[in-house]
Amino acid sequence: MKINLQTVLEDVRGTVESQRGGSIEWSEAEEGMIFVAGDSVRTGEDSSCLLTWGNHNASRLSSESELKIFRLEVTPETGSETSILYLWR
């Protein structure tokens, strides 16, 4: 059995927006927001942010980047984590 993980948005600098899974709307993202599989985050010009999850995993988005979270999960019996993220730009 696998358990889904959450991602936390940190170190927001400049314009960072989020899109919840299933939505076509982008909205302003704020530090501390929680994201799950299906959500996306993007940064504007001269902007950046940090996404953290699981056992010390992190991804920093630099200026004009977009990342979609496809899968973040852990297998409790083994501690094995699976992270599938797609980065554009």
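Predicted model only: the values in this text are computed from it and were never measured.
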For the student: nearest non-hydrogen atoms of [X] and [Y], plus distance:
{"X": "Asp39", "Y": "Gly21", "value": "OD1-N, 2.8 Å"}
{"X": "Ser62", "Y": "Ser48", "value": "CA-CB, 4.2 Å"}
{"X": "Gln6", "Y": "Trp53", "value": "O-CB, 3.3 Å"}
{"X": "Ile69", "Y": "Phe35", "value": "CD1-CB, 3.7 Å"}
{"X": "Glu25", "Y": "Gln19", "value": "O-CG, 3.5 Å"}
{"X": "Gly44", "Y": "Ser63", "value": "O-OG, 3.4 Å"}

Go through the steps to decide whether Glu81 and Asn57 satisfy the test side chain to side chain donor-acceptor pair (under 3.5 Å), and finish with yes or no. CA-CA 10 Å; Glu81 294 183 10; Asn57 296 302; 2.4 Å; yes
Decide if atom [atom1] of [X] counts as having more than 12 heavy atoms of other residues, nucleotides or ligands within a radius under 6.0 Å.
{"X": "Arg20", "atom1": "CZ", "value": "yes"}
{"X": "Glu28", "atom1": "CD", "value": "no"}
{"X": "Arg71", "atom1": "CZ", "value": "no"}

Approximate separation, where rounding is to 0.5 Å, of [X] [atom1] and [Y] [atom2]:
{"X": "Glu10", "Y": "Arg60", "atom1": "CD", "atom2": "CZ", "result": "9.5 Å"}
{"X": "Arg42", "Y": "Ser65", "atom1": "CZ", "atom2": "OG", "result": "12.0 Å"}
{"X": "Glu73", "Y": "Ser80", "atom1": "CD", "atom2": "OG", "result": "9.0 Å"}
{"X": "Glu30", "Y": "Glu17", "atom1": "CD", "atom2": "CD", "result": "12.5 Å"}
{"X": "Met33", "Y": "Leu51", "atom1": "CE", "atom2": "CG", "result": "11.0 Å"}

What verdict does the side chain to side chain contact (heavy atoms under 4.5 Å, CB included) test give for Leu67 and Thr43, after you've listed the backbone C-alpha separation in whole Å, the side-chain angles of each residue and the deciding distance to 0.1 Å? CA-CA 9 Å; Leu67 180 138; Thr43 56; over 6 Å; no
Could you check whether any side-chain heavy atom of Asn4 comes within less than 4.5 Å of a side-chain heavy atom of Leu72, counting everything from C-beta outward?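 No - every pair of side-chain heavy atoms lies 4.5 Å or more apart.
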For Leu87 and Leu61: C-alpha separation, side-chain torsions, deciding distance, then whether side chain to side chain contact (heavy atoms under 4.5 Å, CB included) applies. CA-CA 9 Å; Leu87 177 66; Leu61 297 183; 3.6 Å; yes
Treating Ile, Leu, Val, Met, Phe, Trp and Tyr as nodes and any side-chain heavy-atom pair under 4.5 angstrom as an edge, say whether Leu50 and Leu9 lie in one connected cluster.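 Not linked; separate clusters.
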